[in-house]
Structures are given as C-alpha cells and as structure tokens.
Amino acid sequence: MTEKSRARNNFWPHALLFAALLTAGLASDTAADIATERMPLSFEVKPVTRMSIVNLATGRKAAEIGPLMMGTGAAENTLQITVDTNEGRSYQIFLETGDLRNPEGDLLGGDAIQFFVSSGRNGGESLVPRAVPLQSGRRAVFRSAPSGNADSFTVHILMPNTRVMDSGTYYDSLKFSIE
Amino acid sequence: MRKVWAVPFLAIPLFMLTGGNASPADSVPLQIQVAEFLSLQASSSSMTLVFNNFTSGSMTNTVSMSYDVSSNNARQATNVFLANLTTLFPQIDLQADFASYANNGGNARLVEAASGFVTIGTTNTTLANKQTISSNGRTLIGTATVNYRAVAKADLEAGNQVGYLTITVVYS
C-alpha cells in the first residue's frame with residue numbers, strides 16, 4: 001500500500017465521524033436526547049355497500065309525475081340506482097311501496113301507476129323487465145351478478161294516463177333495500 | 001431536556017379514510033299530480049220547439065237533448081245540473097225533465113232533482129243532483145238526457161221567438 005492510498009483510506013472514516021457529530025450537534029442539544037419509538041401500523045378496510053338514487057330528469061332524489069292532463073299521453077320518471085360495494089357477494093335490491101294517497105286519504109290504485117326495471121350495467125339482472133302495476137308491498141326487483149360487483153340500473157315509473165283519475169296530489173315513497 | 005418522538009402521524013388520516021357507513025336502504029318520495037278537468041258538451045248547438053196550436057194550454061213537441069258530462073273533481077252533491085233562461089218568453093213556459101243519466105265509468109251519477117217536467121225561469125233551476133256510486137264519488141263521466149217542451153200560457157201570435165237556454169254543471 002502506497003502512502004497515497006493509506007492516506008485516502010484514513011480520510012473517509014474520519015470524515016464520516018466528523019459529519020455525524022456535526023449533524024447530531026445541530027439536531028439536538030446532545031445525541032443522548034434523541035428517542036425513537038416504533039409503532040405497529042395496520043389498516044382495516046371495512047365491508048361497505050352503498051346505494052345512491054337519483055332522478056335522471058331532475059337530478060334530485062325524488063320521483064315526481066304530473067300534473068297529468070287527460071288525453072295527453074303517458075308520463076314517466078326514471079330513477080338511476082347505483083350500488084357501490086366491496087363485499088364481493090351477490091345481492092338483491094328490494095322495492096317496498098305503500099299506498100298512493102292524497103291528503104284526503106283517497107287512494108290512487110289499480111294499474112294507474114306502473115314500473116319496470118332495467119338490467120344492470122355490470123351484469124345485474126332485472127327481475128321486473130316489463131311494466132307491471134306498482135302495488136303496495138315488497139318485492140325483489142334486481143339481482144346482482146354472482147360476483148356481487150358494483151352495478152347501476154334504472155327504475156322506470158310509468159303513468160299510462162289512460163283512465164280517469166281523481167284530481168289532486170298523491171304521495172307515497174319508494175323504499176329500496178339491499179339484501 | 002427536550003425529547004423528540006418519531007411517531008407515524010400520517011397513519012391516522014389513512015385510518016379515517018378506510019371507515020364508512022353502509023347504506024343498505026334508501027327511500028325516494030313519490031308524488032303524482034293529477035290535474036283537474038271539467039267538461040260539458042251538448043249534443044246540439046240549438047233547439048227548436050214548435051207550437052202546432054196557438055191557444056192557451058197548447059204544448060210543443062218534446063225535444064231531447066243530451067249532455068256529455070265529465071269531471072275528476074265533482075265534489076258538489078246537490079244543485080249540480082242547473083238550467084236557466086236569459087230572458088223569459090212572453091206567454092210561454094219552457095219546461096224541462098231530467099230524463100236519464102248513462103254512466104260511462106265514473107264513480108258518481110246524476111239523478112233528477114224532481115220527477116217530471118219543471119218550469120225553467122231566469123234563475124237557476126236544479127234539474128239533477130249527484131249521487132255517489134262508489135269510493136269518493138268525485139269522478140263523473142256520463143251522458144245526461146233532458147227532455148224539453150213549452151206550454152202556452154195565453155193565445156200566441158204567429159212568429160218565431162228566440163232566447164238562450166243555459167245549462168250549468170257545478171262540480172265543486
């Protein structure tokens with residue numbers, strides 16, 4: 001080993017030691033005051049299923065039809081239902097309705113109001129592909145693909161407007177649930 | 001002596017993002033508005049009654065007139081089908097008889113207020129009232145038939161007399 005190479009080998013350890021001491025001195029009062037604690041870190045991703053409903057015509061979460069005039073033809077509202085889920089299991093959407101009544105208690109029944117459901121964009125199946133009367137009660141209207149992935153479909157509320165109905169405003173709610 | 005802790009604070013907001021509440025059910029209000037409609041249409045725009053005799057007590061022929069009536073908000077039960085003359089005819093009484101009502105799908109019907117012919121004056125005379133058939137009886141769809149005739153109260157001069165008969169249906 002030459003004098004030159006010996007000198008180079010001695011330089012780097014001393015230079016590193018000097019740099020470490022300088023850094024410690026700047027960062028803290030003394031190197032002995034630094035304490036470090038290592039903590040375990042974990043993430044939990046919870047199973048989540050969310051449903052959102054929007055009226056495609058109004059952008060609101062409501063179905064509103066009318067005022068219906070005799071002889072002016074059918075009227076329709078379309079609700080888009082979007083299901084977001086990470087649970088990975090198949091599900092069904094149920095629709096529950098009550099009675100359509102005006103504030104005086106009069107019922108708008110029979111086949112005055114009908115509905116049908118589209119297929120899903122991600123493989124879900126409509127269980128009401130053709131228009132049927134919207135009757136009070138609960139029924140399954142949509143079945144997801146077997147993989148249970150997120151999906152989106154539409155529910156079409158129809159008023160054929162072919163028979164005479166008492167004038168007034170009738171109210172009900174459409175309750176959608178996932179099982 | 002100051003202590004420095006190296007704790008992974010960044011983990012806290014990441015934890016918060018992974019949570020979430022499931023929304024397995026949601027409700028949408030449903031509202032249906034049905035507009036009110038009322039309609040009264042006579043089968044003819046004019047009517048002529050003929051006296052074949054001019055003496056007091058003479059009577060004209062009887063003319064039947066039909067009226068298509070429809071409403072989805074017929075709330076009034078009495079004094080529903082009314083008739084009046086704009087002006088009285090000199091020495092002539094116009095008489096009307098609510099003959100029949102054919103229901104065409106409503107849940108109410110018109111029934112005559114009094115049997116037989118009644119004299120029509122310049123104020124409203126009730127020819128028929130409403131009778132509920134089922135439910136709330138607010139839907140009136142049908143055809144009413146009214147028979148008209150006139151009676152001479154004195155000897156009449158030859159000639160034509162023209163006036164206006166008004167039929168009114170009161171729905172509510």
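Quick note on labels: first sequence line is chain A, next is B, and so on, each numbered from 1. As the structure is a computational prediction, the values presented were derived from the model and not from experiment.
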Find the one option among [options] whose heavy-atom pairs under 4.5 Å with chain B are most numerous.
options                                    : value
Leu107(A), Leu100(A), Asn102(A), Asp172(A) : Asp172(A)
Ser177(A), Ala75(A), Ala63(A)              : Ala63(A)
Ser52(A), Ala62(A), Gly66(A), Gly168(A)    : Gly168(A)
Phe94(A), Tyr91(A), Tyr171(A)              : Tyr171(A)

Exercise: identify the closest heavy-atom pair between [X] and [Y]:
X         : Y         : result
Met165(A) : Ala112(A) : SD-CB, 4.0 Å
Phe89(B)  : Val162(B) : CE2-C, 3.7 Å
Pro146(A) : Ser90(A)  : O-CB, 3.7 Å
Asp97(B)  : Gly116(B) : OD1-O, 3.0 Å

Taking atom [atom1] of [X] and atom [atom2] of [Y], what is their separation to the nearest 0.5 Å?
X         : Y         : atom1 : atom2 : result
Leu94(B)  : Thr60(B)  : CG    : OG1   : 8.0 Å
Ile53(A)  : Thr154(A) : CD1   : OG1   : 13.0 Å
Asp151(A) : Asn122(A) : CG    : CG    : 4.5 Å
Phe115(A) : Gln135(A) : CZ    : CD    : 9.5 Å
Leu49(B)  : Met59(B)  : CG    : CE    : 11.5 Å
Asn86(A)  : Asn149(A) : CG    : CG    : 12.0 Å

### Message
How about CZ on Arg138(A), more than 12 heavy atoms from neighbouring residues, nucleotides or ligands closer than 6.0 Å, or not?
### Response
yes
Considering only heavy atoms, which portion of [X] lies under 4.5 Å from any heavy atom of chain B: side chain, backbone, both, or neither?
X         : value
Leu108(A) : side chain
Leu95(A)  : neither
Glu104(A) : side chain
Ile93(A)  : neither
Asn55(A)  : neither
Asp166(A) : both

Common cluster, [X]/[Y], ILVMFWY with side-chain heavy-atom separation under 4.5 Å:
X         : Y         : result
Leu56(A)  : Phe153(A) : no
Met51(A)  : Val54(A)  : no
Phe176(A) : Leu127(A) : no
Tyr67(B)  : Val164(A) : no
Met69(A)  : Ile113(A) : no

May I ask you to list the residues in [range] that approach chain A closer than 4.5 angstrom, counting heavy atoms only, ordered by number?
range                       : result
residues 121-159 of chain B : Asn136(B), Arg138(B), Thr139(B), Ile141(B)
residues 31-46 of chain B   : Gln31(B), Ile32(B), Gln33(B), Val34(B), Ala35(B), Glu36(B), Phe37(B)
residues 72-84 of chain B   : Asn72(B), Asn73(B), Arg75(B)

### Task
Ignoring hydrogens and angles, tell me if any N or O in the side chain of Asp26(B) forms a donor-acceptor pair with the backbone of Arg50(A) under 3.5 Å.
no
### Query
Does Phe116(A) have any side-chain contact (heavy atoms from CB on, under 4.5 Å) partners at least two apart in sequence or in another chain, and if so, which?
Ala131(A), His156(A), Leu158(A)
